Structures are given as C-alpha cells and as structure tokens.
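Each remark here refers to the structure printed beneath this line.
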Amino acid sequence: MAILVGADTRLVVQGITGREGSFHATRNRDYGTDVVAGVTPGKAGQEVNGIPVFDTVADAVRERGANTAMVFVPPRFAADAIYEAVDSGVGTVICITEGIPAHDMLQLYPYVRARGATLLGPNCPGALSPGAANVGIIPAQVFGHGRIGLVSRSGTLTYQIGKELADAGLGNSTIVGIGGDPIVGLSFIDVLERFEADPETDLVVMVGEIGGDEEEKAAAYIGEHMSTPVVAYIAGFQAPPGKTMGHAGAIISGSAGTAQAKKEALEGRGVRVGRSPTEAAQLAAEAFAQLG
Amino acid sequence: MAILVGADTRLVVQGITGREGSFHATRNRDYGTDVVAGVTPGKAGQEVNGIPVFDTVADAVRERGANTAMVFVPPRFAADAIYEAVDSGVGTVICITEGIPAHDMLQLYPYVRARGATLLGPNCPGALSPGAANVGIIPAQVFGHGRIGLVSRSGTLTYQIGKELADAGLGNSTIVGIGGDPIVGLSFIDVLERFEADPETDLVVMVGEIGGDEEEKAAAYIGEHMSTPVVAYIAGFQAPPGKTMGHAGAIISGSAGTAQAKKEALEGRGVRVGRSPTEAAQLAAEAFAQLG
Amino acid sequence: MDLYEYQGKQLFSRFGIPVSDGQVVDTPEEAREAAERLGAPVMVKAQVLTGGRGKAGGIKGPASPDEAEAHARAILGMDINGHVARRVWLERASDIEREYYCSITFDRGAKKTLVMLTTAGGIDIEEVASETPERIARVHVDPLTGFQPFHARRLCYAAGIPAEEMRQAADILARAYRAYVETDAMLVEINPLIVTPGGELRALDSKYTVDDNALYKHPDIAAMRDLEALDEQERMARERGVTYVKLDGTVGIIGNGAGLVMSTLDVVAGAGGTPANFLDVGGGAQADEIVTAMEVLLSDSKVRAVLFNVFGGITRCDEVARGVLTALERLDVEVPIVVRLDGTNDVEGRAILAEAAPPNLHVAETMLGAAEQVVALAGAS
Amino acid sequence: MDLYEYQGKQLFSRFGIPVSDGQVVDTPEEAREAAERLGAPVMVKAQVLTGGRGKAGGIKGPASPDEAEAHARAILGMDINGHVARRVWLERASDIEREYYCSITFDRGAKKTLVMLTTAGGIDIEEVASETPERIARVHVDPLTGFQPFHARRLCYAAGIPAEEMRQAADILARAYRAYVETDAMLVEINPLIVTPGGELRALDSKYTVDDNALYKHPDIAAMRDLEALDEQERMARERGVTYVKLDGTVGIIGNGAGLVMSTLDVVAGAGGTPANFLDVGGGAQADEIVTAMEVLLSDSKVRAVLFNVFGGITRCDEVARGVLTALERLDVEVPIVVRLDGTNDVEGRAILAEAAPPNLHVAETMLGAAEQVVALAGAS
C-alpha cells in the first residue's frame, strides 16, 4: 500500500493547462497514476491528452471522484488552489509550486489541519510509490519498487539518493519530498510516522540538510517512537553560512543548524549517517541485508 | 451532575475587579460555586472578597486549577479575554458581556471549536445548576433543584419561566441562557444534546423567540434525536416586525422567523408550546407528572 | 444600524464597487442643480430605510433637471411605509440589460458568513428564493480562509454568470466581502447588481447594515446615523440607550430584556389588552434609564395604563424601584402603573415601593396577574 | 531579502514603532549636514547586512557635526566581515537605561509565529539564550487568533517588564506583529529595544527580513533592494534568477536544487577538492540560465575545472545539455568541464553531448565519479 499515493489515488491536477502542469500530469498518467481530472477555471470541457478539464475542483470531485490534488498553479494563486482543494473535500494535496509567500502558508496551514487534510509541500517534488502511482515531478524511471521508504527536504538530492539506492540494488516503497520552504505541510516526523505504520516499508532513508532543527527533532522522534530502522544523509558540510535570521533563528532552535550538529543528533539516536549519497546508500544496503 | 456547571466547576472570573464582575463573582461564590480566582491585568496579589486576583488566566489555571472562566470584561476587550481563556486551557468559557461586535465572535468561534473548548454566550445570563453551581447573573433564589433542564435565548425570560416552574412545584437540573447575539457559542441544539445525555434531566423546557431559524432547527433535532420530552415557549407573537436584514435573512432561513412559524415547527415534532410562561410551566408540570 | 442607499453607495465607492455617479440633496432646488451637474438623465430616489420605494412612488426618472426638481418636490416629505423621505438621491440613469443579486451576511446557524449570488435579481428576489431556490448560489466562508478567489469562482459558475462577466463579478464579490469585514457589517446586499448593454456590472441599489456594537471602531460610519429620521420618542430612547418601538394600543409596557418584553406583550394581548409599545430598558438599568423610559413611553398620549415588568438578573430591583418612584415624582404621572418585580434584590425593591406607596402604583405578584390587572386598568380609566 | 538598519527603521516608523530621528547618507559631507540638521550629538552607524558592526568599528559616537563627518569618512568604504559599508545612518544619540530584546519570526517546527521578549537584550543576547533561556519569554501565535492583547500581556509579565512600561511594550509588540504580517516579513527583530532614563521605549536597531517570494506584493520594499552592494557575479546571478555564493576553492560547481548542490560541494571536498562556489540554477532551468550560470562561475579566475551535476525532475536534461554546449561556444571556455546528467530526458541530454563532443567536455556516469574526475582535472590543469 505504501504511503500518501498509491493504487487508490484518484488525482486531479490544478493548473493542468499550463506548460508544466500538462507535461507532468501526462507523465504521471503515463506512469500509471489514475489521473482522473484537471482543473483550470474557464476551460471546462477541454481535454489535456485525454484528461478531462473542469472549472472547479468541486466539479472534479463530484464528476470524477478525485481524492488527491496536485497543485501546479503559479505561486500567487497557489494558496487559493490549496484552499479550494481542501474545501472541496480532497484528502491529500500535493503542492509542487515554488515561490509561495510563507505568510500565505502560515495562514493556510491551520485550515488544512482543521479540515483533517494532508498537505505535502509546497515547493516539493511530490511523492512516488514505484509501480503504483507518481504524483509530482520525481523522475520515476530512477526508482524501482522495493521496501525502503525515502524522505527528503530536497528535490534533486532525493533523486540522487534514490538512484544510489537503485544502483545498490534496492527499491522503494514510497519516495516523499517534503520541500524546504519555511512552512510546509508534512514534516519529517509526519512522514516517518507514516513509514513506521506502513507494512510495506522495512527501512527508511532520511535525507536532511543544514538549517532549522527538523532533523534534530526527527532524531528524537526516531529514538523514541520508531522500530523501523533509519539511515540518514545530511548535505551541507561545506556549505557557505546561510541566512542567519537575526538572533531569533538560533534562539528558537537552540541549535547551530549545522550539518555536523544534525549528524551528531542522529548518531546519538543510533541512526547511521552517510558522508555522501553513495555511502548512505551503502549503509542502507547493509542495514537492509541485516533485516534478514 | 447536571450540565456545563456543577460541583467540579473551578471558576476564574475575568474582569473581577469591575463593578459587575466583583458583585456577581461574590454572589456566585456565596451561592456555593467554587470561585477559585479572578483576573485583572496589573492587579495580581489583590483579593476580591477573599478571591485571589491574578494578572493572567494562565496564572489562575496554574496556581488555582481553574477549569471554567466567566467573562465580565467590557465588550472591546471581551474577545481578547475569551481567546486568553481558551489559550490558557480553560475548557468552558461563559461570556456574560453584552455588546461584543459580531465580527469579533465570527472570527473567534472557529478558534474555540478548534481547541475543543465550550463557549456559552456572549450576552447571556450564564448557567445555573441549582444546589451545585451558579456561573453568571441568573438570580439563583428563583430556582430549585430538580430534574427539568431549561434552555433559553433570552435572559430575563429564562428567569420568568424558571419562576413559573418553581411556582408549579418543579425544580431544575440546569438552567442555560444561550444569549441572543448573531453569533453565539452553544446553540439550542448543542444544549439539547447535553440535556439528552444528562441522567439528571428528565424533561427539557426550551424558550425561544422570534427571528432566525434556531427554533425550527431545534424542532427537527428534537424530532430526530431526543427521547427526553421537550416543552416549549415562544415569545413575540405581538412583537413589532424586527430588522429584516434585507432580503438575505429571509433567503437564508427559508422561514418567516415568526413566533407562529416556530410554534408550528415545534408542534409538528410533537413538542407542546405554551402560550404564556405560565401555560408553558403548566404543560411542563403535566408532562413531568406523566413521566411517572 | 441601517444605512441609506446613498450611504451604502458611499461605502461601495470607498471599496471600489462600481456605482453610478450621483448626489444626495434635501431640497428640490438642489435636485435641479445636481441633475445639471450630473449632465445626463437622472433617477430621483427617495432615501428611506424601508423597502417598496418603487411601488410607493419614491423612485422617478429618467429625468431632466426640470423634471428632477419636480420629482424631488413630490418625493421630499412623502410617507413611505411610515418612513418620511427627507432626502433624495440623484444618479445618472442606467441602461439595464440584466439584473443580478448578491449579498453577504451572517448565517447564524452555521456561525459563518454566507455569500449569495444569483442572476435572477431585482424586485422579485424573495419569490425566486422561495420558488426556485436552486437559482441562488451560496457559499459559506470560513473565517479561517476568508473570502478566496475560489469562492468567487464557485459562486459565479454555480449562478451561471457569463464568462465575459466573471472577472467583474468576482471582483465585486471580493470587494463587497472586504467592505463587509472592514466595516463590521451585518449585511451587504446589492439588488439589483445590473449589467449594462455594454457589459458593465454596477450596483444600482444598496442595503447596508453595520453592527451597532462595532460602531466605536468606525466613527465615520457612526456619524452617518440620522437621528432626525427617528420620531421624537425613538430618538430620546436611543440617546439614553433604551429600545423603544411604538405600536398602536393603550397599554404601555416596560421591561428588561427583549425576550421578557416580547413575552409581556403577548401576555397582555392574551389578557385582552393592546400593547402601546415595546420598550426594553436592557440589562443593568439604573434609576436614570427608568425615568427616561417612562418619559418616552408617556409621551404617547394613547397610553392609558403602564405595566412595569422586571425580572432582575444583572438589573437590580431596588434600582428599578427607585427609578419608578423618581419617574412618578418628576413626570407627574397620572395613569395607573402596575409594577411587578422579581429577581435580584426583589425584596428590597418591593419594600421601597411599599414604603412610598404612591396612589396610582399597583404592585403585582405575578406576570400573568400583572397583565390582567393592567388590562383592566387601561380599560377602566 | 534582508533590510539595512535604516530601511527596517523606515518600516518601524511606518507602523508607529518609536525610533530615533535620523538620516542615511553616503558621503562624509552629507554626514556633517545631517548631524547639523539633527541638532544634537549623533551616532554614526555603518549600514551593512551583517552583525558585529560595533566590534569592527562600524559604530561611532556620540558625535558633533565635525566628528560625524570624520567618523563617516572612516566608516564609508570600511570592510566589515566581508561587507563594504557604502552608507552610514546618523541618528540622535540616545541615553540608555536598559536594553530589552524582542523578535517575531516563524517557528518552522510549530508552523506558527513565535514572538519573543526579554529584558536581557543587547549584544549578548545569544549568550542569554544559551545560558539562561528561561529569561526569554516566548509565545506562539496561532494564525487563527492573530496577535491579541493577551499575548502581549503574557509576554510582558513573563519577561518581567516593569508595570509602568507595560503599555509601551505591549504597543510595540502589537505594532511589530502588524509590520511582520503586513510586510510579509520572515523576521522582525529589535535589539536593543532601549528604555531611556525618562522611561521611554525605543527601537535602537533593526533586523528585518522580508520574504523574497512575497516582494511582488510590496513594490516599495522590493525597491529597497540594493543590487550595488552585491559583488559583480552575485548581481549577475541574481538578475538571471540563479543562486550564487562565492567560496575560496578551485572547483567550480553548478547543479540544480540547493540540496544536490550542497551535497556536490561535500562530495567534491570528500574527493580532496576545494569548491570555488555554490551555484544553484534552480528548478526547470532553460538553456539561457545555464549560459548565465557558466558566465558567472567563470568570471572567478581561480576556477580550474567545472563540475556540472544535474538531476532532472522538473529540469530537463536535454535543455541542460543544449545550455552547456551553447555556453562552451559563446564563452570560449578553456577549463575542463565534467558533466553528469541524470533524470528527466537524461538519455536525450547525454546523446546531445555525445554528438557534439567538445574536447574539454567530459561526461561522467555517477556523481561520485564526476567529483573524483573534476578534482583530478582541477589539480592537473
């Protein structure tokens, strides 16, 4: 069953008539995802490579039973698109759009939570359950089906790790890119929790990077709540110092947010951390082999 | 156990150092309510007739275990007071203050709901469980302990009906005034639901008045969900036509909102409706007698 | 607080909702000047806080400046459903292709804002609502989201707004919602929202109600209050913070709390009397308000007896008793007064009345008994 | 986008947060004039987007007009932690009784706004945070409630703000929150928030970061962007929408996506190389951006070899391949280039490169292999 997306996903693509929207909607459909509808206001009745287009998400839900939405609209209209999807009863919203103002998300998130919906992203590559469904821009050909869950803040780095795993002969249950924006829907912990509960996931690879304290929090969560083994990779040991966010950032996290600090937090909870994507994949292969 | 307020109520009074706040806090305490604290910013350390005053509700919760708040602050500050109470973890907020802008309440209500708190009012007389606790301005001497639940939109009319019941030899489990503002916390249905579940309530008297369609909705609820018998009284047969709210009001409710329409809706669900408070009390007495 | 059409349209303009160019005047001469300034045929519209102006002859035009002056002369002073037209609004006459309707108000039951839109606007909107309610598109707006573009789209598609008008309609809805929130409105209603032959949408009328409780945030709107339009007693009552509505009977009624006062009217009617008014002194009334209330009530010469029905919660009966006695003294009251006090400090209140015991004051034990007594006194006097 | 102190203070003033009277200038002569106009001893403060100005000698005063001119001359052009001071801010010097600290920013983990306040403000704030964190009062603000007066009271009581300063402190917090929301700020920080001997609270410095993604809503703030302060390559990169940060090594690195580029730096370092830069062309890069990226990167003469590491998702490898070839042609590139392409349209991309096969272009199979190859080439060249 994997997590977030799978065989029961019925996808509506918001912004389907745009260049990227139509390209990736078609690509997701061609992969095998059940892309049941697209939405672009004013274009109801059209088709995009055979996918019917509606004016509103509510219509797509009513006419086509959509239960998952992928948001591909420009950043200024993305918050509205997410509100519309959630208000229309869509349970899972995956927002690919990059460049959404953080205050829009700050305002939006409690609504998503209050309605019991799941939001992945924004500014994320989406989620892929190999062999079942691909929702987003993850290049699916890289990934094979298997029993390793993969979660990452970074898009392209996700693909890199996925490829390294594939090269090491390992496949994935689901690959989830949570996005690196200041306010995102699912966090590392939310996804780890789902992998922990997923019978098709035997091992998790977590891919973090410098900044914030999400990896530190995830380390604590892994230590306290997970029986599924986790292997990690952290990017940014050589990175130039990023935005400091005044003193406030450091005060909030109580952490330097450095790659080294994250690595130590994870290792302190028994999580092995690779020094390169290649090494992380090797560690995963070793851990997977030990599962018997 | 009655509903909303009772022996386990630990009350904090917000605005306790004001004229009305101190009068009614003391009166509630003297009735037997466990008034554990008052709050007036800047007056921590003072006492009001022996009730300790704190700067914040959070302090009152931490120091004195308050679980119910009564709001007596002026209307401009009332929304803030309710936010503060809910944010501080108080489970039940009873807002007596009259004159709060409706948009303040409209904004506030989803927060109360999201936090799982219960709000009674604003612009309501509060709730009284005779013999156990009185929170608000209901003149308790009128009401005796018994097994009849009483719920009303109107303050003084509540007292009138309560007195008529007492004159007819009947006592109350709890008397609840929900207030007549455009946006209130508990509605008729919410209170009816609590009475239905309350083992100490055998009969409910519901007191409505012209305007809106709350009584009509309550009638449908009673017909579909209640086994506890209900008797009603509706005020306003002679009332001058009220504010019409343009055409929108009539369109929303799909009802004339007249006393006659409400009476018919209730009678259509088998609820007997008295033509005066006195008759309503007589009907209640008859119904109560039939319970055996 | 209900606003006049012209005041509502001033707020529409402030929030960018298109309205016709116009001017409010209060003399026929000014009406001519305004029509000249507007430089086109104008409509002349009575400004009254009630519906049915058109049928009552309160809307005339299109008119030339001469005609506008004549129409204004006919309309000014006209009584429309009990409301006297003291001002007229003149605006450029519009060519009307279609009439839509939109409104924003509270849905009390849902505890949310409700926005409605239909292409079947105009004077028959209530008929549309009762006979073909499906023609009225509705969306509830969660305060968590506010009014988002998708709400506007959903309304427009559901109402069947033509594609070429969608942008205008969505814009007007968004602006009306902003007006509603930022002015603490209880109601913003545009009926009709017209479409001109050129395809332009414009608000041809306004119904605008602002929350009295929020007027302190909006001194500019509070200043729109037109106290002169109320009759003498209503104005006096409003100034002292009591709610008074005149009716046609002979039994004056004062009480505390709208529910109890309404119930008192019903019980008086049930006892065979005719209520002269609705008068609510509100919660926590002090002696001063009681005196004002009595003064307002007694300015109606038809009143033959007065029923004072108070059940004290936040109101204290001793205060009320003192107020009644003061009123009797100051106002030289001759009609009989029946007083019924219960609730907070009722024992003290009744003791105060018993001690003073003015000859025309009768203390009743119960509400029903008080009603029967006052009806008898009104009939007998 | 980080704002300079003087820009943050302009926004503070707009939202009614008290600041000292002052002026920004960019020559010593103007500094004298400004000091004269301000008519009191002034502070002369380097305007740079970095901390530690005071220790670096970038803050001088109190100064007379003569001294202000001399200080400005000393400061203008000064290098402070790699940032050149091109402007100075002059403001009336303040008497300081106490130094507080307040800030408003996102708490990513909680997905809420966090407001912090402490009476232990000043330059040692991070020390306070790590050693006595309980001295810093914090409240999370739910977007559902916004910043309410009770939040301000709770912060003030928890921080131990004296009673007589509470109203000012609460007011500044509320205004700072409004500024934060209405300007789409990521951070509003006042440190120190001083108390004068007269008991007045005032913002003596500002740290203000506005969300780049929201600048389209705030053209006035977007116009504050100071492109001249960036060095040549950084400016060129920003204008073309690519992210470039210069480092000290010899291996130029280009990739798509911050995570992958960071990882590439790490892997190059792990292979014994030294990264010359961080350069992210972002998602969906077209051939044009690739050319710009290469141009920016090659303007650094220390670069001896370039690693192109692209994993296509929304980016298409065929576009990247075309961009690389165009860049090689147009820019007359002499250093060796190692290209590694994977993901969307990678087969097409590799085919395009294989067909053109320029002599200094090397195609690698894996990221690790590419890193090892580029390090070898950088060392050898």
Side-chain angles (χ1 to χ4, degrees), chain B residues 20 24 75-76 96 98-104 106-107 109-110 125 136-139 142 152-160 163-164 167 180 182-184 187 207 209-210 212-214 217 233 235-240 243-254 259 275-278, chain C residues 2 51 101 103-109 111-114 116 125-126 129-130 133 136 142-144 181 184 186-187 189 191 207 209 211 213-214 216-217 245 247 255-260 262-263 265-270 275 278 282-284 310-315 342-344 366-368:
Chain B
E20 299 298 333
H24 289 284
R76 298 185 189 200
I96 311 301
E98 179 182 351
I100 303 177
H103 277 270
D104 287 7
L106 194 66
Q107 197 65 39
Y109 182 72
I137 61 174
I138 298 178
V142 177
S152 170
R153 269 163 79 179
S154 158
T156 48
L157 187 52
T158 312
Y159 317 155
Q160 179 64 37
K163 185 174 157 47
E164 303 274 5
D167 289 349
I183 307 290
V184 295
S187 64
V207 182
E209 60 188 53
I210 52 167
D213 62 350
E214 290 301 296
K217 285 190 177 145
Y233 172 70
F237 285 84
Q238 297 294 321
K243 288 201 163 197
T244 55
M245 295 302 286
H247 299 292
I251 298 175
I252 291 177
S253 62
R275 279 170 305 179
S276 67
T278 315
Chain C
D2 295 327
Y101 166 98
S103 65
I104 307 179
T105 187
F106 298 134
D107 181 346
R108 292 167 184 240
K111 303 190 210 303
K112 282 182 186 167
T113 296
L114 182 69
M116 296 191 279
I125 181 68
E126 295 214 14
S130 65
I136 302 177
D142 195 314
L144 252 164
V181 170
D184 278 280
M186 313 280 279
L187 170 72
E189 187 175 81
N191 187 33
K207 285 264 186 326
T209 305
D211 185 357
N213 288 342
Y216 74 88
K217 302 183 196 171
V245 183
L247 300 170
N256 63 326
L260 183 62
M262 280 194 285
S263 178
L265 264 63
D266 291 348
V267 172
V268 164
F278 172 101
V310 165
F311 211 123
I314 204 160
T315 303
D342 253 315
T344 306
T366 67
M367 178 166 156
L368 192 57

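Not measured: the values here are computed from a predicted model.
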What part of C:T113 lies closer than 4.5 angstrom to a heavy atom of chain B: side chain, backbone, both or neither? both

Max heavy-atom pair count under 4.5 Å with chain B, selected residue of C:A258, C:G109, C:G282: C:G109

Quick one: which of B:G99, B:S276, B:S154 has the most heavy-atom pairs under 4.5 Å with chain C, could you say? B:G99

Under 4.5 Å, counting heavy-atom pairs only, tell me which of C:V267, C:T315, C:D184 racks up the most with chain B. C:D184

Which atoms of C:D342 are under 4.5 Å from chain B, going by heavy atoms: the side chain, the backbone, both sets, or neither? side chain

Is it the backbone or the side chain of B:Y159 that comes under 4.5 Å from a heavy atom of chain C, or both, or neither? both

Below 4.5 Å from any heavy atom of chain B, which atoms of C:T344 appear? Answer side chain, backbone, both or neither. both

Indicate yes or no: at least one non-hydrogen side-chain atom of C:D211 is less than 4.5 angstrom from one of B:H103. no

Do you know which of B:D104, B:V142, B:I100 has the most heavy-atom pairs with chain C at a distance under 4.5 angstrom? B:I100

Region of B:L106 in contact with chain C, defined by heavy-atom distances below 4.5 Å: both

Give the minimum heavy-atom separation between B:P101 and C:A214, together with the two atoms involved. CB-CB, 3.8 Å

Whether B:T156 side chain and C:N256 backbone form a donor-acceptor pair below 3.5 Å: yes

Do B:E20 and C:I314 touch side chain to side chain, with heavy atoms closer than 4.5 Å? yes

For B:E209 and C:G259, which heavy atoms make the closest approach, and how far apart are they? OE1-CA, 3.5 Å

Separation of C:M367 CE from B:D167 CG (nearest 0.5 Å): 12.5 Å

Is chain C contacted by the side chain of B:Q107, its backbone, both, or neither, given a heavy-atom distance below 4.5 Å? both

Could you tell me which non-hydrogen atom of B:G180 sits nearest to which non-hydrogen atom of C:R108, and how far apart they are? O-NH1, 4.0 Å

Side chain, backbone, both or neither: which part of B:P110 has a heavy atom under 4.5 Å from chain C? side chain

Are C:T366 and B:K163 side-chain neighbours, meaning at least one heavy-atom pair lies under 4.5 Å? no

When heavy-atom pairs shorter than 4.5 Å are enumerated against chain C, which of B:T158, B:I96, B:V184, B:V207 gives the highest number? B:V184

Identify the heavy atoms of C:K111 and B:S187 that sit nearest to each other, and give their distance. NZ-CB, 3.9 Å

B:E214 atom CD, neighbour heavy-atom count above 12 within 6.0 Å: yes

Is the closest side-chain heavy-atom distance between B:P75 and C:Y216 below 4.5 Å? no

